[in-house]
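Letters go in sequence order (proteins before strands), and every chain restarts at 1.
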Amino acid sequence: MDVLDELKRLTIAFEASARVDRDYRRSVLRLAVRINLLLYVDQLPDCDVLAESGILWDALLPSFDSFKVDKWDVGNPELTGLPIITKLLEKGCSLNDIWTAGGASHETAWQHFVMRAQYALTVPADQPPSALRRNAEQQLHKRVEKARIVTFLLEHGADPDAKYEIDDRVPGRTARSYETRDFLMQVFDGDKQKVDALRNEARKTRSAAVKQKQPGTWSGGFREMKGKSESGLNT
Amino acid sequence: MLANKIRDKAEGVFLWVTLVTRSLKRGLSENDDTKELERRLAQTPSDLIEFFRSILRNIDDNYRDYTMRALQIAVVGLPMPLGAFQYVAQEVEDQTYAFRQEPNLDERPVKMCDWTTTATFDAEAKVNKWCRDLLEVQHSPVRRREWLPSVPEGEVVFSHRTVHEFLSSSEVEGLFKKYSVCMPSPRKAVCRMRLAYAKSSCSTGTTPISSQYGYWETNEILLAARECEVKDQENQWTFWTSSKD
């Protein structure tokens with residue numbers, strides 16, 4: 001743990017000295033999340049974790065950008081993500097917080113996950129822009145295929161009514177808008193009853209959590225919800 | 001004569017021939033005559049594992065702490081840059097070195113041709129002195145084009161995969177325990193050594209960023225930390241459960 005704290009200081013010193021552009025700076029915490037350094041993340045103060053906007057992205061998704069892909073990003077069987085997602089939720093991170101970086105606002109971690117996941121489920125096999133990207137897509141496909149991660153996220157505060165856009169990679173066509181329901185129908189093989197039940201339950205959980213939520217945190221609601229999980233996950 | 005004896009004793013094991021030849025070359029450099037070389041050959045076990053055992057038995061007492069620690073770290077940490085492996089000595093003496101060390105941000109890299117820097121020469125000499133014939137340093141021609149003069153260049157590897165198997169055996173683990181180098185965890189040592197290496201090689205004197213050595217060492221440190229979390233936790237669990245039994 002001391003080593004990683006020192007690495008963080010070294011990275012900051014190096015980037016300041018080398019004048020690394022803000023967009024290309026490395027966050028040791030984000031990288032630690034990406035490789036499931038559970039004990040390290042656990043011992044950090046909650047405020048340090050919450051200060052990293054959009055950190056749940058790193059826990060939810062393999063890296064899709066080839067220039068950022070590190071060797072553990074692709075094909076790492078340990079990247080099931082659930083323990084670290086649980087840890088981040090316990091620390092107060094929310095799936096529905098908007099990620100802000102460099103003064104710009106992006107989607108929430110959940111929206112981004114759904115967007116990427118649906119894309120991975122539908123992407124034509126013959127149109128991969130790169131082997132690395134395709135590998136990341138396959139990894140996400142496997143993760144979503146089990147449906148349990150989606151159930152888990154909905155049980156832990158993900159917005160069942162979130163909207164998102166994806167580019168279908170069809171030449172000449174602009175990005176299309178989707179709702180979370182479209183994605184869920186795909187994940188649960190068109191089982192309308194199951195999808196609706198899941199969404200209703202998620203809405204109830206969310207409203208209950210929002211009522212209990214302390215300002216700026218989701219952890220109170222999360223801890224309350226932990227006992228209710230029905231997805232049978234061992235986290 | 002000597003060549004025939006080597007051929008007969010080798011029984012087709014090429015690695016054994018390599019190791020024996022190295023040993024004879026060392027004898028020659030110490031001005032051994034033919035009789036002494038023959039005796040050296042006769043004393044060399046023909047079985048590889050027995051050969052490795054004899055290497056461990058013949059470690060100089062002055063180096064034993066360093067050798068044991070180096071080999072223990074090697075089992076979990078190789079391949080490793082020589083620049084990181086050189087910190088084995090500090091691992092034995094004072095484990096705060098990685099935190100006290102200042103980042104080497106300003107050193108300018110130099111073009112490398114066929115010459116070896118003093119730093120590389122010294123660090124490689126220590127690997128050979130402490131871990132003779134078990135570990136070796138490999139040099140990549142690609143990495144030699146440009147290098148920081150103060151950072152040893154090269155990669156420490158096992159001289160053969162059978163060495164790794166031998167050092168991972170319970171027999172050698174017992175030796176590590178005997179010489180009290182079991183604690184602290186060698187995986188933590190790998191993290192510290194790689195951190196110290198990152199600090200020593202994080203010069204900002206070159207562009208583009210992708211060519212910064214230390215910057216990319218970040219990945220290796222995180223992976224080593226992951227190994228610590230997963231494996232050391234498992235070991236602790238095994239220790240506690242076996243203690244209960």
* To do: Could you grab the distance from atom CG of B:Leu222 to atom OH of A:Tyr40, nearest 0.5 Å is fine?
  => 8.5 Å
* Can you list the residues that meet the side-chain contact (heavy atoms from CB on, under 4.5 Å) rule with B:Gln90, with sequence neighbours excluded? -> B:Tyr87, B:Tyr97
* Looking at residues at least two apart in the chain, or sitting in another chain, which of them share a side-chain contact (heavy atoms from CB on, under 4.5 Å) with B:Phe99? -> A:Asp2, A:Val3, A:Glu6, B:Arg192, B:Leu195
* Taking B:Arg226 for the side chain and A:Asn36 for the main chain, is one N or O donor matched with an acceptor at less than 3.5 Å? -> yes
* Structure fact -> Here the pair of heavy atoms bringing A:Leu10 nearest to B:Cys202 is CD1-SG, 3.9 Å
* Structure fact -> Looking only at B:Ala98, B:Ala224, B:Cys191, the option with the highest number of non-hydrogen pairs under 4.5 Å against chain A is B:Cys191
* Exceeds 12 heavy-atom contacts within 6.0 angstrom, atom CD of B:Glu102 -> no
* Residue pair B:Ile221, A:Leu4: steps toward the side-chain contact (heavy atoms from CB on, under 4.5 Å) verdict -> CA-CA 8 Å; B:Ile221 296 169; A:Leu4 294 184; 4.2 Å; yes
* **Closest heavy-atom pair and its distance - B:Leu105, A:Ala13** => CD1-O, 4.2 Å
* What's the spacing between A:Leu37 CG and B:Glu229 CD if we round to 0.5 Å? -> 4.5 Å
